[in-house]
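Structure record follows, encoded as structure tokens.
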Amino acid sequence: MHYWLMKSEPAEMSIDDLAIRPGQTAPWFGVRNYQARNFMRDAMRIGDRAFFYHSGGAEPGIAGICEVVSPAYPDATQFDAASPYFDPKPSAKAPRWFNVEVRLLSKTRFVPLAELRTQPQLAAMPLLARGNRLSITPVARDEWRFICDKLIGVKA
DNA sequence: GCCAACGTTGGC
DNA sequence: GCCAACGTTGGC
């Protein structure tokens, strides 16, 4: 199993929005970055865990824990001219963008980005790298355990 | 609202 | 294939 961190702007979809969806499940559509797409398409597996991270809001940070519940499949919004995520270049035969689906496992104590930055054990996280903008980043097993055990207070 | 950092585009 | 220009992300 692999671990991830997935960013969502609360205005787009917050942890509470996810919590009230049918099955507490949502497609992670709208990723338009090749590196993040490749993580979803090539590396994510059903059963992988991910931190649900709020970005762009008043206070960024980890808000919950999710589980990957589907393989990656073509992101429908790339074909939808009415969607802000519309991309004219891909075709149905050659889709460019993919998404998995995630299910909420638990809403957690909110762990602010500023708190993550103070932890030496987490210094290598891509999330904390200077200038990082990737919306999906891998989390190492020991980083996952540390955040769950020491910061959130749940068993990893 | 600002701006640093980064990815993408497109002309050559 | 290079690289300047542009658009976007996201913390502050």
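The sequence lines fix the lettering, A, B, ..., with proteins before strands; numbering per chain opens at 1.
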**Q.** Test log, rule side chain to side chain contact (heavy atoms under 4.5 Å, CB included), inputs A:His54 and A:Ser14
**A.** CA-CA 7 Å; A:His54 279 171; A:Ser14 72; 3.8 Å; yes
Q: Please collect all side-chain hydrogen bond (donor to acceptor under 3.5 Å, both in side chains) contacts where either partner lies in residues 70-81 of chain A, sequence neighbours excluded, each pair once.
A: A:Arg32-A:Asp75, A:Arg32-A:Thr77, A:Tyr73-A:Asn99, A:Tyr73-A:Glu101, A:Asp75-A:Thr77
(Q) Whole angstroms only, please: what is the CG-C1' distance between A:Leu128 and C:dC12? (A) 16 Å
Q. In whole Å, what is the span from the CZ atom of A:Phe39 to the P atom of B:dG7?
A. 12 Å
(Q) Has A:Asp48 got a side-chain atom pairing as donor or acceptor with A:Arg45's backbone, closer than 3.5 angstrom? (A) yes
Q: Rounded off to whole Å, could you give me the CG-to-P distance for the A:Leu113 and C:dG11 pair?
A: 6 Å
Q.
Can you give me the closest heavy-atom contact between A:Arg133 and A:Lys7, atom names plus distance?
A. C-NZ, 3.8 Å
Q: Using atom CZ of A:Arg32 as one end and atom P of B:dT8 as the other, report the distance to the nearest whole Å.
A: 13 Å
**Q.** Value in whole Å for how far the P atom of C:dG10 lies from CG of A:Asn132
**A.** 8 Å
Q. To the nearest Å, how far apart are A:Trp97 CH2 and B:dG7 C1'?
A. 10 Å
Q. Looking at the side chain of A:Tyr34, which of B:dG7, B:dT8, C:dG11 is the nearest nucleotide?
A. B:dT8
Q. What nucleotide, of B:dG7, C:dG10, B:dT9, holds the atom closest to the side chain of A:Lys89?
A. B:dT9
Q.
Without decimals, in angstroms, what is the distance between A:Lys7 NZ and C:dT9 C1'?
A. 8 Å
**Q.** Between P of B:dG7 and CG of A:Asn38, the distance in whole Å
**A.** 13 Å
